[in-house]
Amino acid sequence: MNTVDSNFIRKKIAVIGLGFVGLPLSMMLAEKEFHVTGIDMDESKITKLQQAISYIGDVDGNRLKRVIDKGKFETTTNIDAIKNVDTIIICVPTPLTKQKTPDLRFIINVGEEIQQRLKKGQLVVLESSTFPGTTKEVFLPILEQSGLRVGKDFYLANSPERVDPGNHQYGVEEIPKVIGGQTNICEHEALELYSKIYNQVVTVSSTEAAEFTKLLENTFRFINISFINEMAILCDHLKVDIWEVIGAASTKPYGFMPFYPGPGIGGHCIPVDPLYLQWKFQQLGKKSDFIALSELVNQKMTDYIVNHTEELLKRNKKLFSAKILVYGVTYKKDVADTRDSPTLDIIEKLDQKGASVLYHDPYIPSLNINNKLFANTDITEDLLSEVDCVIILTDHSTIPLNKILDHASLIFDTRNVTKGHTGNSVVIRLGDGFQNLDK
């Protein structure tokens with residue numbers, strides 16, 4: 001298919017990578033009557049999916065069973081399945097190396113597998129978040145080793161994922177989709193497909209522009225969250241309540257956008273994407289001072305939480321002899337995901353300082369931190385009365401707040417979840433300047 005066929009409808013789609021992005025995308029496509037083949041190298045995932053068991057909160061088992069029963073969704077570990085589809089969508093991880101540089105091994109491996117099986121007329125879309133230039137400079141040369149040529153024999157586009165796990169306000173199809181084609185005809189082919197899937201599609205002039213769009217979005221958030229975390233630290237020294245200040249500033253009808261402090265930035269995207277962008281700048285002999293400073297502030301945040309806890313306890317207990325209950329270990333509320341969660345670093349540092357650390361999280365049954373196993377602990381009235389401090393690090397909707405407030409002696413709330421609630425506990429919120437410690 002060397003020319004655009006306006007009557008051609010791509011109905012068979014392979015989604016490679018069935019994680020927090022690929023699985024919800026697959027469900028949406030199957031529910032829109034596309035025939036979806038989900039491919040993942042993790043056999044345990046495929047086994048669960050074939051039994052209609054979901055491992056992601058945004059996709060329940062009933063949805064899985066419906067599309068499987070209708071014959072719209074099948075899963076496999078066999079990459080040969082891409083030979084039978086019209087479109088290949090790639091949703092593989094793009095982590096950082098230990099040196100905090102881009103780790104493209106998953107993209108490269110997938111590219112090498114695809115190029116061995118690539119057929120004329122297929123559309124390949126890279127949705128994994130990555131630095132500007134990846135599609136053109138890294139991925140395309142691998143695909144063209146097949147002997148096929150982009151824009152003539154096959155089509156290539158970048159459309160960065162915008163999934164927000166745990167966000168039930170917007171469905172996947174309701175979030176505008178950005179697309180950049182490698183050539184004009186590639187853009188056309190991608191637009192023809194994605195306009196049948198999403199409520200709004202936004203085209204940009206190149207794959208680099210599409211890649212940069214995603215990194216700009218998350219770098220904006222990274223910088224502003226780091227900024228407000230620094231302001232929270234300063235407010236503690238000023239004896240001013242950062243939450244009150246944010247609320248007051250938010251009354252301005254223009255020129256201000258509220259961001260909120262917390263124990264640090266976690267997840268796969270926000271703490272990672274800015275460093276992909278910074279790496280690209282460095283390859284050009286440039287750098288972003290904002291990204292570098294924000295990364296430094298974010299790295300310091302877990303130390304501040306630990307030191308602040310030690311300061312709160314010092315009147316009655318030394319940290320090395322304290323018993324501490326951590327509530328919430330996932331990087332955000334109501335999501336079963338601990339990737340790059342700052343809470344893991346906080347638990348490790350408290351443990352290294354000699355504290356006896358317990359945790360409760362309704363989504364995480366156990367943790368292995370630095371080869372030490374931590375088991376999820378039930379929150380009982382007896383436990384709350386025994387611990388010296390409860391640190392709220394994730395504000396899950398199911399938090400038994402009244403029980404904690406009534407039975408814990410000291411609460412360090414890093415999420416402002418206790419605002420407006422009362423109880424028998426002494427409650428200190430991150431950035432409130434220790435204002436309740438003497439009350």
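For Thr135 and Glu211, the side-chain atoms include at least one donor-acceptor pair closer than 3.5 Å.
Remark: Lys353 fails to qualify as a cation-pi partner of Phe320 under the 6.0 Å distance and 45° angle criteria applied to the six-membered ring.
The salt bridge (Lys or Arg N to Asp or Glu O under 4.0 Å) check on Glu230 picks up nothing, with sequence neighbours excluded. Considering only residues two or more places apart in sequence or on other chains, Asp80 meets the side chain to side chain contact (heavy atoms under 4.5 Å, CB included) condition with Asn78, Lys83, Arg117. For Lys314, the salt bridge (Lys or Arg N to Asp or Glu O under 4.0 Å) partners at least two apart in sequence or on another chain are Glu311. Evaluation of the salt bridge (Lys or Arg N to Asp or Glu O under 4.0 Å) rule for Lys12 yields no partner, not counting sequence neighbours. Applying the side chain to side chain contact (heavy atoms under 4.5 Å, CB included) criterion to Gln278, with sequence neighbours excluded, gives Phe281, Gln282, Lys287, Ser288, Ile291, Ala292. With sequence neighbours excluded, the residues satisfying side chain to side chain contact (heavy atoms under 4.5 Å, CB included) with Ala210 are Asn158, Pro160, Val178, Val204. A search for side chain to side chain donor-acceptor pair (under 3.5 Å) contacts involving Asp58 returns nothing, not counting sequence neighbours. Checked against salt bridge (Lys or Arg N to Asp or Glu O under 4.0 Å), Asp334 has no partners two or more places apart in sequence or in another chain.
Here CD1 of Ile88 is found 4.0 Å from CD of Gln122. Values are rounded to the nearest 0.5 Å. One distance of note links OH of Tyr359 with CD1 of Ile364; it measures 6.5 Å at 0.5 Å rounding. Note that the CD1 atom of Ile39 and the SG atom of Cys91 stand 11.5 Å from one another [nearest 0.5 Å].
Counting only residues at least two apart or in different chains, ring-ring contact (aromatic ring centres under 6.0 Å, His included) contacts with residues 362-393 comprise Tyr363-His396. Judged as a salt bridge (Lys or Arg N to Asp or Glu O under 4.0 Å), the pairs with a partner in residues 386-408 (not counting sequence neighbours) are, in order, Lys317-Asp388, Lys323-Glu386. Evaluation of the side-chain hydrogen bond (donor to acceptor under 3.5 Å, both in side chains) test over residues 246-273, restricted to residues two or more places apart or in two chains, returns Asn218-Asp273.
A salt bridge is absent between Glu173 and Lys32; no separation between the charged side-chain nitrogens and carboxylate oxygens falls under 4.0 Å.
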Test Glu295 against Gln299 for side chain to side chain donor-acceptor pair (under 3.5 Å), laying out the working first.
-> CA-CA 6 Å; Glu295 169 66 4; Gln299 288 176 353; 2.7 Å; yes
Please list, one pair per line, the donor and acceptor atoms closer than 3.5 Å that link side chains of residues 340-348 to other protein atoms, with sequence neighbours excluded.
from, atom 1, to, atom 2, distance (Å)
Ser341, OG, Val329, O, 2.8
Ser341, OG, Thr343, N, 3.4
Ser341, OG, Thr343, OG1, 2.7
Thr343, OG1, Val329, O, 2.6
Asp345, OD2, Thr302, OG1, 2.7
Asp345, OD2, Lys349, NZ, 3.0
Glu348, OE2, Gln352, NE2, 3.3

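Looking at Lys11, Lys196, Lys70 one by one, the single match for salt bridge (charged side-chain N to carboxylate O under 4.0 Å, His left out) with Glu33 turns out to be Lys70.
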